[in-house]
Amino acid sequence: MRHDKKLAAETDMSRDPKQSARPRTNDVELVALTKHYGDSTAVDTISLRIPAASYCCLLGPSGCGKTTTLRMIAGHEIVSEGDILIQDRNVTIAPAVSRGTSMMFQSYALFPHLSVLDNVAFSLKLRGISKTERHREAMEYLALVQMENLADRMPAQLSGGQQQRVALARSLITKPKVLLLDEPLSALDPFLRIAMRAELKRIQTELGISFVHVTHSQEEAMALSDVIVVMNGGKIMQAGSARDVFEKPTNAFVARFIGGHNVIRIGDRTVAVRADKCHIANASDDRHTMAEVVGREYQGPTVRINLMTADKQPLSALIPDGQFFAAPYAVGDRVTVSWSPDDEWSLQG
C-alpha cells in the first residue's frame with residue numbers, strides 16, 4: 001500500500017519557500033513503516049520521529065529489524081507499507097541518491113587501489129569536480145576525522161580504526177542531511193571502540209546533522225544516543241532518551257535487554273529493580289527475599305552477585321568491591337536480597 005496522495009503533498013510542501021524557511025523539527029520521520037519478505041514481516045508498522053541534529057541508535061538483538069529499517073531509510077530496501085520523511089520531504093519511493101542520506105557500511109568498503117585522499121574524494125570526482133577542488137575538500141574532511149597526515153597512504157596500510165575514519169570522511173563529504181551507520185564499531189577492539197564512539201559523537205555534534213546508528217551493544221547505545229530505539233520482533237519496544245529507557249523501561253524485554261535490571265514478580269505485578277539498588281544481608285528494606293548465590297563477576301569498582309530465588313526468579317545485585325572483599329560471598333551461599341519499594345518500576349506485561 002502506497003500513500004501516493006501524501007507523497008505528492010509532502011513533495012509539493014518541500015518546494016514551498018515558506019515551508020523550507022521554517023526551522024526543521026525532525027530530520028527523520030517513519031510513519032507506519034513495514035517491510036515484508038514473502039510471508040515474513042521484518043519490520044512491523046513502526047512509527048518514529050528523530051529530532052533535528054540528534055544521535056539516534058537503533059538497538060536490539062539480531063533479527064529484530066533494525067538493519068532492515070536503516071536500509072529502508074537509505075533506499076536500499078523497498079518499503080512494503082508506510083512512509084519515510086527526511087526533513088519533512090517524503091522520500092518513500094525516491095532513489096537512494098536523491099534522499100539526502102549517506103550510508104557508512106560495517107565493512108567500510110574502501111577502494112583498495114585508491115589512496116586515502118582519493119577514496120574520500122571519489123564521489124566528488126563522479127560529479128565532475130576538478131582534482132584540485134575535490135582534493136582540497138577531501139583534506140578538510142580528513143582533518144575532521146584526524147587523518148589528514150595519512151592522506152597519501154593506501155587502505156592496506158591502515159589499521160581498522162584508521163580505515164573507519166576514512167570511510168566516515170568519505171560518507172560525510174557528500175554533505176548528507178542524515179548519516180546512516182550500520183554497526184560501524186563492531187569490528188574494532190574494545191579499547192578502540194570506546195575511542196571511536198567518542199569521535200563519532202564529537203563529529204555529529206560539530207556538524208549538527210543527525211546520525212542513525214544500528215548497534216546490538218547496549219553500552220554503545222547508552223554512550224552515544226540522544227534517542228535510543230529498542231526493537232524486538234520487528235517492532236519498537238521503547239524510544240526515548242538513554243536515561244529514560246534505562247530508568248523507566250516500558251516492559252520486561254526492555255528491562256532485561258538494556259541491562260542492569262532485575263525483573264521481579266510481586267503478587268500480580270511485574271516490576272523492574274536496578275541491580276545497584278538491590279542489597280544483600282540487609283533486612284531493613286521493605287522488600288526482601290531469600291536467594292542462593294549462583295555466580296560472581298568482578299567488574300572493577302563493583303562485583304555482580306548473580307542469585308536465584310526459591311521460585312526460580314534470577315536476580316543480581318551490584319555491590320562495591322571493597323564491601324565484597326571484606327566479606328565475600330561464595331557460590332551456594334544463602335543470602336537475603338532486599339530493596340526499597342521506591343526503587344521499583346512497574347512494567348507492562
### Task
Please report the closest heavy-atom contact between Thr101 and Ala96, naming both atoms and the distance.
OG1-O, 4.4 Å
### Query
Do Ser115 and Asp152 have side-chain N/O donor and acceptor atoms under 3.5 Å apart?
no
### Query
Just checking, is any N or O donor in the side chain of His279 or Ser338 under 3.5 Å from an acceptor N or O on the other one?
no
### Query
Do the charged groups of Asp118 and Lys131 touch, with an N to O distance under 4.0 Å?
no
#### Entry: Close side-chain approach of Val254 and Asn232, heavy atoms under 4.5 Å
no
### Query
Which atoms form the tightest heavy-atom contact between Met147 and Leu158, and what is the distance?
CE-CD2, 4.1 Å
### Task
With sequence neighbours left out, write down each residue that passes salt bridge (Lys or Arg N to Asp or Glu O under 4.0 Å) with Glu148, or none if nothing qualifies.
none
### Flag for Ser316-Arg304: side-chain donor and acceptor within less than 3.5 Å
yes
### Task
Measure across Leu307 and Val294 and return the closest heavy-atom pair with its distance rounded to 0.1 Å.
N-CG2, 3.8 Å
### Query
What residues, two or more places apart in sequence or in another chain, satisfy salt bridge (Lys or Arg N to Asp or Glu O under 4.0 Å) together with Arg202?
Glu199, Glu206
### Task
Check step by step if salt bridge (charged side-chain N to carboxylate O under 4.0 Å, His left out) holds for Glu220 and Arg197.
CA-CA 7 Å; Glu220 193 172 293; Arg197 77 188 186 203; over 6 Å; no
### Query
Take atom NZ in Lys248; do more than 12 heavy atoms of anything else shown fall under 6.0 Å from it?
no
### Query
Does Arg136 CZ have over 12 foreign heavy atoms under 6.0 Å away?
yes
### Query
Is it true that the side chains of Glu81 and Thr34 contain a donor and an acceptor less than 3.5 Å apart?
no
### Task
Could you list all the ring pair (Phe, Tyr, Trp, His ring centres under 6.0 Å) pairs where at least one residue sits in residues 294-331, not counting sequence neighbours?
Tyr298-Phe325
### Side chains of Arg269 and Ser346, donor plus acceptor under 3.5 Å
yes
### Query
Are Leu181 and Leu110 joined in one hydrophobic group, where the rule is that I, L, V, M, F, W and Y side chains link up if heavy atoms are under 4.5 Å apart?
yes
### Message
If we count only N and O atoms by modelled type, under 3.5 Å, do the side chains of Glu344 and Trp339 hold a donor and an acceptor together?
### Response
yes
Side chains of residues 68-75: which donor-acceptor pairs under 3.5 Å do they make with residues two or more places apart or in other chains?
| residue | atom | partner | partner atom | Å |
| --- | --- | --- | --- | --- |
| Thr69 | OG1 | Gly65 | O | 2.8 |
| Arg71 | NE | Glu77 | OE2 | 3.4 |
| Arg71 | NH2 | His76 | O | 3.4 |

#### Entry: Inter- and intrachain pairs under ring pair (Phe, Tyr, Trp, His ring centres under 6.0 Å), touching residues 122-163, at least two apart
Phe111-Phe122
### Query
Does any pair with a residue in residues 203-247 pass ring pair (Phe, Tyr, Trp, His ring centres under 6.0 Å), and if so which ones, sequence neighbours excluded?
Tyr55-Phe211, Tyr55-His213, Phe246-His261
#### Entry: Electrostatic pair Glu137:Arg134 at N-O distance under 4.0 angstrom
no
### Query
Any side-chain donor paired with an acceptor under 3.5 Å for Ser210 and Asp27?
yes
### Message
Is it the case that over 12 heavy atoms from other parts of the model lie below 6.0 angstrom from the NZ atom of Lys125?
### Response
no
